[in-house]
Amino acid sequence: MFESEFEKNLFALRKEKLAEIEKLGQAAYPNQYKATHTIGEIRSGWNETAAEALEAERTTVAIAGRIMAIRAQGKAGFATLQQGGERVQIYVRQDAVGEQGFALYKLLDLGDHIGATGYLFRTRTGELTIHVETITFLAKAMLAMPEKFHGLADMELRYRQRYVDLFANIESREVFVKRAKVLQALRKFFDERGYLEVETPMMQPLAGGAAARPFKTHHNALDMDLYLRIAPELYLKRLVVGGLDRVYEINRNFRNEGVSTQHNPEFTMLEFYQAYANYHDLMQLTEELIMYVARQVNGTTVVEFNGRTLDLAKWQRLTMREAIRHYWPAEAGGKPTMQVLDDAVKLQKQLHSAVEALEAAYGAVKDADDERHARLKTLLAAVNEVYYESLKNAPLGKMVYHLFEAMVEPNLFDPTIIYEYPTEVSPLSKAKPDDPAHVERFEFFIGGFEIGNAFSELNDPEEQKKRFEDQLAQRASGDDEAHQMDEDYVRALAYGLPPTGGEGIGVDRLTMLLTGCRSIRDVILFPLMRGKSAE
RNA sequence: GAGCUCGUAGCUCAGUAGGUAGAGCAACGCCCUUUUAAGGCGUGGGUCCUGGGUUCGAAUCCCAGCGAGCUCACCA
């Protein structure tokens with residue numbers, strides 16, 4: 001618990017102070033305090049009330065809070081109390097609280113919790129203040145507070161000791177309050193549209209519904225291996241088979257992947273399914289949903305993200321192939337035609353010349369500080385990989401998809417829906433009726449990363465079985481993220497899944513967008529950290 | 001997994017032609033009855049992330065490790 005002699009000594013000193021406080025007739029750890037107002041209510045009620053009016057009213061209040069600043073001046077003093085992310089100042093003078101009360105005041109430390117009764121007034125400098133008549137001791141901070149002006153700045157400490165971050169850095173608290181509002185807004189949106197909120201297994205015998213490596217665990221009594229879910233998808237669709245036409249679930253998914261500013265091994269996903277809807281209906285719904293949540297949370301659809309302004313009410317829609325053509329980099333030579341994007345051999349040929357063009361452009365950039373240098377390097381590596389790897393074993397659809405990720409995704413800052421995905425990378429989506437190579441699927445991107453993924457659900461059990469078998473083949477050839485066979489899911493489909501649209505939305509990423517946080521760790525209360533001192 | 005940057009007092013940070021550490025806040029003592037990053041006087045507090053190495057001498061230079069941030073890769 002103690003990180004130093006300093007802390008150990010401080011703790012001992014605070015224990016002595018606690019004993020002194022008890023001698024004054026106060027409980028060291030009382031279990032209740034009846035406040036008449038929260039500090040927020042004091043602020044909203046009297047923030048603008050003039051000094052003369054306060055004097056005339058002489059409103060008496062009882063409040064509670066944590067001491068965030070304390071300024072003693074002989075036989076009087078001030079303290080700033082914080083509660084619910086709001087602060088108010090109290091003024092304590094010996095002739096008002098008595099000798100015992102003032103003795104207690106002098107035993108208070110930064111971080112202590114106290115209750116105070118008194119009347120509202122304004123100081124000489126105009127600050128709304130409580131003129132204290134009684135102080136009640138509530139709890140002691142036995143450890144030192146972070147620096148009062150800068151707060152807790154060390155990112156590692158902020159993540160590991162979020163309990164300190166939350167009271168020391170108001171901005172941090174506000175992010176999580178907003179996150180709660182995001183969740184409320186999402187639920188309200190779906191509740192109002194007749195969706196049923198459900199909870200499906202997070203421990204699954206077979207981790208399906210997405211392309212990812214799962215975490216493995218074990219049930220002792222049943223002697224059974226289980227996987228933490230990578231998606232709720234297959235269970236939710238079983239529910240639609242069961243007649244729950246509109247369902248949604250908000251909960252954690254677990255994927256055994258690396259961490260980054262956009263990935264945490266456990267993350268919160270919203271998934272929803274709607275019978276009788278297709279992906280076009282979901283595009284419409286998605287735009288409405290994002291606008292709705294933004295307005296509920298921020299009161300506006302305009303957000304600042306990563307130094308840029310974007311409007312969540314202004315969307316563009318492109319097919320994946322259109323997007324590749326649209327965002328094709330000038331340095332990669334001529335754009336591929338639609339025909340080229342539909343032909344593996346022609347595409348490989350074009351990528352070959354694109355690699356050459358990119359290499360020439362990259363070689364021409366002399367200054368390593370040039371931002372083009374890094375961009376071209378990344379682009380070249382990505383296209384090169386697509387070109388060579390795809391040449392040997394990947395199907396056309398996979399090649400197109402990877403090309404999209406490399407060339408297009410980082411550019412999708414304004415809200416964009418990308419639709420018509422290759423069938424090969426979409427084992428659970430329904431194919432377009434006139435084009436079996438593509439499925440009725442879209443993903444949407446904001447701020448340069450993917451937020452959600454949706455499609456018309458494949459409901460033909462035979463086709464689903466075939467898709468799973470194709471995935472098994474990819475798995476056999478080394479893709480350990482390819483989907484596994486789920487016989488029970490196929491059986492469920494065989495009972496008849498109505499035409500259904502389904503979608504998943506990354507709640508953490510949506511929250512990042514709405515709070516302006518560039519790292520997913522800033523919107524997760526306790527992000528996964530490497531082990532340090534396992535006490 | 002790779003590259004870059006960082007790790008000095010409880011907190012925020014200084015400290016390179018290598019000479020065994022400083023400031024502010026916090027703490028402790030004293031003064032101060034409208035202050036607000038309160039102020040004044042005084043005091044205490046550091047395995048300079050860890051382990052090696054170079055050197056007469058390392059917070060500083062080198063190597064390895066641990067942890068963090070960012071970028072990239074993988075993914076959502």
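Just so it is clear: chains get the letters A, B, ... in the order the sequence lines come, proteins before strands, and each one is counted from 1. Note that these values count all heavy atoms, side chains included, but never hydrogens, waters or copies made by symmetry. Values in this document were obtained by computation on a predicted structure and should not be read as measured data.
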For [X], check ring pair (Phe, Tyr, Trp, His ring centres under 6.0 Å) against everything at least two apart and list the hits.
X      : answer
A:H483 : A:F468
A:F272 : A:F190
A:Y105 : A:F102

Report the distance from atom CG of A:L379 to atom C1' of B:A73, rounded to the nearest whole Å. 15 Å

Tell me: CG of A:N9 to C1' of B:A27, nearest whole Å? 10 Å

Looking at the base of B:U33, is there any donor atom on it, or on the side chain of A:D95, that sits under 3.5 Å from an acceptor on the other one? yes

Is there, by distance only and without an angle test, a donor paired with an acceptor across the side chain of A:E127 and the base of B:U35 below 3.5 Å? no

Scan [X] against the nucleic acid and name what it touches under 4.0 Å (heavy atoms): base, sugar-phosphate only, or nothing.
X      : value
A:F121 : base
A:E481 : sugar-phosphate
A:D522 : nothing
A:K8   : nothing
A:G77  : nothing

Enumerate the residue pairs fulfilling salt bridge (charged side-chain N to carboxylate O under 4.0 Å, His left out) with a member in residues 74-94 of chain A, sequence neighbours excluded, ordered by first and then second residue. A:R93-A:D95

Considering only the [atom1] atoms, how many Å lie between [N] and [M], rounded to the nearest integer?
N     : M     : atom1 : value
B:C61 : B:A17 : P     : 11 Å
B:C63 : B:U20 : C1'   : 22 Å
B:G1  : B:U47 : P     : 32 Å
B:A64 : B:G22 : P     : 33 Å
B:G46 : B:G7  : C1'   : 15 Å
B:U50 : B:A58 : P     : 15 Å
B:U33 : B:A27 : C1'   : 25 Å
B:G51 : B:A59 : P     : 12 Å

Strictly below 4.0 Å: does [X] bring a side-chain N or O up to OP1 or OP2 of [N]?
X      : N     : value
A:R122 : B:U34 : no
A:K75  : B:U35 : no
A:R521 : B:C70 : yes
A:T123 : B:U35 : no

Tell me which nucleotide among [options] gets nearest to the side chain of [X].
X      : options             : result
A:Y91  : B:A27, B:U33, B:U35 : B:U33
A:E156 : B:G67, B:G69, B:C70 : B:G67
A:M529 : B:C11, B:U34, B:A68 : B:A68
A:H150 : B:C11, B:A37, B:A26 : B:A37
A:A144 : B:A26, B:G69, B:U35 : B:A26

Are the side chains of [X] and [Y] in touch, meaning some heavy atoms are under 4.5 Å apart?
X      : Y      : value
A:R162 : A:P527 : yes
A:D109 : A:K17  : yes
A:Y91  : A:E127 : no

Counting the benzene-type ring for Trp, do A:Y248 and A:F189 have ring centres under 6.0 Å apart? no

For the pair A:F404 and A:Y421, name the ring-plane relationship: parallel under 30°, tilted 30 to 60°, perpendicular over 60°. perpendicular

Distances for protein N/O vs nucleotides 43-49 of chain B N/O pairs under 3.5 angstrom?
none

Where along nucleotides 1-8 of chain B does protein come under 4.0 Å, by heavy atom, of base (B) or sugar-phosphate alone (S), with - for untouched nucleotides? --------

For A:R252 and A:E266, what are the C-alpha separation, side-chain angles and deciding distance, and is it a salt bridge (charged side-chain N to carboxylate O under 4.0 Å, His left out)? CA-CA 6 Å; A:R252 235 67 66 78; A:E266 58 176 302; 2.6 Å; yes

